[in-house]
Amino acid sequence: MRRKQKSGGVRLRQDTRFAYTVSAPMFAYLLIVLIIPVCWGLYISFTDKMIGSQEHFIGLKNYINLLKNSSFRNAVGNTVVYTVFSILGKLIFGLIMALVLNFEFKGRNVARALMIIPWTLPNIVAVLNWRWIFSDTGGVANFLLMKLGLIDRNLIWLGNATLAMVAVLVANIWRGSPFFGISILARLQTIPKDYYEAAELDGAGAFQKFRYVTLPSIMDVILLTMLVSTIWTINEFESVWLLTGGGPSGATEVIGVFSYRTAMTNMQLGQAVAVSVLAMPVLLLLISIVSRKMLKQED
């Protein structure tokens, strides 16, 4: 009996040692590319570090200056508006896309393949196309609106505060809607047809079936997709920077653009990192919610 316990203890130690050995490269990778950079960034955010100069510890001064900075508050407000309307737009168009492609019709597979093209295109290619579409001279948007008789002169899309925000929202919604559509469509395929047949027997129409059968069944996927897309949208930089550069007069400047401008234009690296640190609690909260929901789905 003692021999069995002893051999079991030896085997347990061997398994533990083997597990640590196998996991060591992963821990080393996380240490090098995640933990050390995050710790360095936190330290830099408490300094007056400028590109090309030695940093000095200044405590919470960067954070205090940011909270007093009207441009930073404007960037936070723009980020909230940009994120909320982007998510709502992507949800609406993605849901419509998924419901349409869930029906059987000729060429459905081709339509499904075409649906994901905006999501698979390189972002820089998509944004430069949208920049041409919203150009005030020779742009497609102005051409179509004039042909429809909705305007009598060219609109300066990227030079007007309201229109510039509309432009970046349209570009982001166009690119992100397929992600919603694919996710919701995959969930629609798993709903048993018996549910709809039972609803029809109870006299339910198309709207009632959508409200009481379809919507409750896909709500978990909708919430998860919205959370993931919210994280991506809050961190958006490339699309806004290439399309408007944060202009005009900061009308489309989100926190990603503000942080980049602070670091690369004003050379204030410490304050730029502090912007990211201030956004970190919100992102960590969203990531924890997404992780919990994904783990529940696996169970």
Side-chain angles (χ1 to χ4, degrees), residues 79-121 126 130 133 140-141 144-145 147-150 162-163 165-234 236 285-286 289-299:
T79 303
V80 172
V81 172
Y82 178 71
T83 302
V84 170
F85 283 98
S86 290
I87 298 301
L88 287 177
K90 286 182 277 192
L91 174 61
I92 293 171
F93 286 104
L95 181 59
I96 294 172
M97 193 182 299
L99 292 173
V100 170
L101 294 177
N102 193 43
F103 290 105
E104 293 186 6
F105 59 88
K106 188 176 181 180
R108 183 176 66 169
N109 292 333
V110 176
R112 288 179 176 178
L114 293 175
M115 177 185 74
I116 66 173
I117 288 179
W119 196 40
T120 57
L121 280 176
W130 280 108
I133 290 171
V140 177
L144 293 177
L145 291 174
K147 285 294 183 182
L148 294 172
L150 298 177
T162 303
L163 293 179
M165 180 59 78
V166 171
V168 295
L169 283 171
V170 169
N172 186 265
I173 291 170
W174 174 83
R175 182 169 174 78
S177 293
F179 174 66
F180 278 74
I182 293 170
S183 302
I184 296 173
L185 179 60
R187 185 69 180 91
L188 287 173
Q189 299 290 302
T190 65
I191 302 176
K193 294 183 178 179
D194 297 345
Y195 292 177
Y196 294 104
E197 293 174 357
E200 288 179 359
L201 291 175
D202 291 337
F207 178 76
Q208 285 77 17
K209 285 190 287 185
F210 172 77
R211 180 180 178 183
Y212 296 107
V213 178
T214 304
L215 195 57
S217 300
I218 64 175
M219 187 56 67
D220 56 340
V221 172
I222 288 177
L223 292 175
L224 181 60
T225 307
M226 288 178 65
L227 286 170
V228 173
S229 185
T230 298
I231 295 171
W232 293 343
T233 308
I234 290 176
E236 185 65 62
L285 176 62
L286 292 173
I289 295 173
V290 170
S291 301
R292 286 200 300 269
K293 286 189 173 294
M294 293 182 69
L295 290 175
K296 285 182 180 178
Q297 287 185 353
E298 290 179 359
D299 293 340

key: Short side-chain to backbone donor-acceptor contact, Ser229 and Thr225, under 3.5 Å   = no
### Query
Does OH in Tyr195 sit with more than 12 non-hydrogen atoms of other residues, nucleotides or ligands closer than 6.0 Å?
no
Just by distance, do the side chain of Arg175 and the backbone of Pro118 share a donor-acceptor pair under 3.5 Å? yes
Exercise for the section: Please indicate whether Arg108 has more than 12 foreign heavy atoms, meaning atoms of other residues, nucleotides or ligands, lying under 6.0 Å from its CZ. Expected result: yes
To the nearest 0.5 Å, atom OH of Tyr212 lies from atom OG of Ser217 at 14.0 Å
Polar side-chain atom of Gln208 near backbone of Gly205 as donor-acceptor pair, under 3.5 Å:
yes
To the nearest 0.5 Å, atom CG of Leu95 lies from atom CD1 of Ile218 at 5.0 Å
Point to revise | Arg187 backbone acceptor or donor facing Thr190 side chain under 3.5 Å | key: yes
Value for CG (Leu114) from CD1 (Ile117), rounded to nearest 0.5 Å, stands at 4.5 Å
The reported gap from CH2 in Trp232 to NZ in Lys90 (rounded to nearest 0.5 angstrom) is 8.5 Å
- Task: Anything under 30° is parallel, anything over 60° is perpendicular, the rest tilted; go ahead and classify Trp130 against Trp174.
- Result: perpendicular
- prompt: Going by heavy atoms in the side chains, are Ile96 and Leu99 under 4.5 Å from each other?
  reply: no
Chi angles and distances behind the side-chain contact (heavy atoms from CB on, under 4.5 Å) call for Leu185, Met97
CA-CA 8 Å; Leu185 179 60; Met97 193 182 299; over 6 Å; no
Here the gap from Met226 atom CE to Met219 atom CE, rounded to the nearest 0.5 Å, amounts to 9.0 Å
Interatomic distance, CD1@Ile87 vs OG1@Thr230, rounded to 0.5 Å, equals 4.0 Å
Check your understanding: Mind checking whether Tyr196 and Thr214 have side chains closer than 4.5 Å, heavy atoms only?
Key -> yes
- State, yes or no, whether a side-chain contact exists between Val228 and Ile231 at a heavy-atom distance under 4.5 Å. no
